[in-house]
Amino acid sequence: MAPSHPDLTSFKALSFDCYGTLIDWESGLSRALTPIVSQLPPSHPFNSDPPLGAMRRLSAISTSHEERTPSIPYNELLVMSLSDLAHELGLPLPDSVSEPFGNAVGTWSAFPDTVEGLQRLAKHYKLIILSNVDSANMAATLDRQLAPAEFDAVYTAQDIGAYKPARRNFDYLFGHAKLDLGVDWQKGELLHVARSLKLDHVPAKEMGLRSVWITRGGDKEGHEGVGDRLKDYRDKTAFEWTFETVGDLADEVERQFAAKKS
């Protein structure tokens, strides 16, 4: 029987976006923002459950800061963005609220399928993270949320001095994957796995990096959450595989490797 997906057995390494792909970024952000936006009048569109409007506005503010000040670590940038949002909404934001907000990212939970899926994938590939988050939050995530899954390399925006979708981040990934792990993307040895169309799949297409879209439900109209709408990026992306979860990807990888042995 022909495989249901293109061949996944030729790659040596998988590079992952972390937050949104492996970690439930939207649920974590929703919990962190709700106590703040709940101060708004009940009729305010940002005072909702979940507070999608506020989450999208915070994401837009954060993106603006990432583009203007790419050397600022994400935990500091997130506090700046929250302060800007609170100012826009006329809400008080004491330090006791804003400072923990920046480091809350490291406490956000993994999707239920993530850790077990990563452990299965690690039997076949080297695993890499390429993330826009700062190194402190990433260390907390690796120790508390993703363990016992392990990664062969982790590259953060703080390491690189830039934020995805900048080409600089992917150039850093390519150079260090080859230097640190002996993985040459130009030989087709690296496959990128991510949820975000804008931050990951658009630059992947531009640079010729093959990729897997982990949808987390975002392929369904009206269920995109804070994420990108496929119809806005269909011509700008070229991912060859689509799975809802990392666990689903691991299922297909195991199926293909088993088929090669039979």
Side-chain angles (χ1 to χ4, degrees), residues 16-40 44-48 50-95 97-109 129-141 145 155-170 172 194-203 216 218 224-229 232-233:
F16 289 87
D17 167 63
C18 185
Y19 300 89
T21 304
L22 306 177
I23 297 295
D24 191 352
W25 180 83
E26 291 194 8
S27 293
L29 183 59
S30 174
R31 287 192 298 271
L33 266 181
T34 294
I36 298 167
V37 298
S38 63
Q39 301 174 66
L40 294 166
H44 196 287
F46 283 7
N47 189 356
S48 60
L52 275 177
M55 292 162 66
R56 288 170 177 152
R57 180 59 187 145
L58 182 68
S59 180
I61 294 170
S62 298
T63 297
S64 179
H65 281 306
E66 290 168 4
E67 292 170 350
R68 293 200 308 268
T69 54
S71 62
I72 295 180
Y74 186 74
N75 52 350
E76 298 177 22
L77 187 144
L78 195 55
V79 172
M80 291 168 50
S81 302
L82 182 65
S83 179
D84 290 348
L85 178 63
H87 180 75
E88 286 183 3
L89 298 173
L91 294 175
L93 188 67
D95 290 345
V97 174
S98 63
E99 291 179 3
F101 190 87
N103 293 315
V105 179
T107 70
W108 296 347
S109 299
I129 285 179
L130 179 68
S131 175
N132 272 355
V133 169
D134 60 281
S135 299
N137 272 312
M138 177 57 68
T141 293
Q145 314 303 329
Y155 308 128
T156 68
Q158 187 171 356
D159 297 327
I160 301 165
Y163 287 89
K164 294 181 296 183
R167 293 177 66 96
R168 179 175 174 180
N169 296 67
F170 289 88
Y172 189 99
R195 162 69 178 89
S196 177
L197 301 173
K198 177 182 177 182
L199 300 184
D200 291 275
H201 291 288
V202 169
R216 296 297 178 191
E224 299 91 349
V226 184
D228 320 305
R229 297 185 304 175
D232 296 331
Y233 288 92

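Values below: all heavy atoms of this structure, side chains included; hydrogens, waters and symmetry mates excluded. Throughout, residue positions are numbered sequentially from 1 according to the sequence presented.
Formation of a donor-acceptor pair under 3.5 Å by the Gln39 side chain with backbone atoms of Ile36 is found in this model. Listed for the Thr63 side chain is a donor-acceptor partner under 3.5 Å among the backbone atoms of Ser59. In this structure, Ser38 contributes its side chain and Pro35 its backbone to a donor-acceptor pair below 3.5 Å. Thr107 places a side-chain N or O within 3.5 Å of a backbone atom of Ala104 that can act as its donor or acceptor partner.
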**OP:** Decide yes or no on side-chain contact (heavy atoms from CB on, under 4.5 Å) for Leu40 and Leu91, but give the supporting numbers first.
**Re:** CA-CA 8 Å; Leu40 294 166; Leu91 294 175; 3.9 Å; yes
Original post:
What do the steps show when you test Leu93 against Phe101 for side-chain contact (heavy atoms from CB on, under 4.5 Å), and what is the final call?
Top reply: CA-CA 11 Å; Leu93 188 67; Phe101 190 87; over 6 Å; no
**OP:** Evaluate the salt bridge (charged side-chain N to carboxylate O under 4.0 Å, His left out) criterion for residues Lys164 and Asp200: first the C-alpha distance (whole Å), next the side-chain angles of each, then the deciding distance (0.1 Å), finally the verdict.
**Re:** CA-CA 7 Å; Lys164 294 181 296 183; Asp200 291 275; 2.9 Å; yes
Original post:
What's the verdict on side-chain contact (heavy atoms from CB on, under 4.5 Å) for Phe46 and Leu89, showing C-alpha distance, side-chain angles and the deciding distance?
Top reply: CA-CA 9 Å; Phe46 283 7; Leu89 298 173; 3.7 Å; yes
Original post:
Step by step, would you call Asp84 with Ser81 a side-chain hydrogen bond (donor to acceptor under 3.5 Å, both in side chains)?
Top reply: CA-CA 5 Å; Asp84 290 348; Ser81 302; 5.5 Å; no
Subject >> Steps toward side-chain contact (heavy atoms from CB on, under 4.5 Å) verdict (Leu33, Met55) >> reply: CA-CA 8 Å; Leu33 266 181; Met55 292 162 66; 3.7 Å; yes
Original post:
Are Arg216 and Glu26 close enough, and set up right, to give a salt bridge (charged side-chain N to carboxylate O under 4.0 Å, His left out), and what steps lead you there?
Top reply: CA-CA 11 Å; Arg216 296 297 178 191; Glu26 291 194 8; over 6 Å; no
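Rounding to the nearest 0.5 angstrom, the gap separating the OG atom in Ser62 from the OH atom in Tyr163 is 9.0 Å. Remark: Arg195 CZ to Ile23 CD1 distance equals 15.5 Å, nearest 0.5 Å. To the nearest 0.5 Å, the span separating CH2 on Trp108 from OH on Tyr19 amounts to 9.0 Å. Here the straight-line distance linking atom OG of Ser27 with atom CZ of Arg31 works out to 6.0 Å at 0.5 Å rounding. Between the OG atom of Ser98 and the CG atom of Leu85 there is a distance of 12.5 Å, given to the nearest 0.5 Å. How far CD of Gln158 is from OH of Tyr74: 13.5 Å, rounded to the nearest 0.5 Å.
Contact detail for Ala162 and Ala157: the closest heavy-atom pair is O-CB, 3.1 Å. Of all heavy-atom pairs between Asn75 and Asn103, the closest is ND2-OD1, 3.2 Å. The nearest pair of heavy atoms linking Gly106 to Thr141 is CA-OG1, 3.5 Å. Met138 and Ser131 get closest at one heavy-atom pair: CE-CB, 3.4 Å. When every heavy atom of His201 is checked against every heavy atom of Ala194, the shortest pair comes out as NE2-O, 2.9 Å. Of all heavy-atom pairs spanning Ser135 and Asp159, the tightest one is OG-OD1, 3.7 Å.
A heavy-atom distance below 4.5 Å is found between the side chains of Tyr233 and Lys198. Using a 4.5 Å heavy-atom cutoff, the side chains of Asp17 and Leu130 are not in contact. Between Asp232 and Leu197, the closest side-chain pair of non-hydrogen atoms is not below 4.5 Å.
The side chain to side chain contact (heavy atoms under 4.5 Å, CB included) test with Ile72 is passed by exactly one of Glu66, Met80, His65: Met80.
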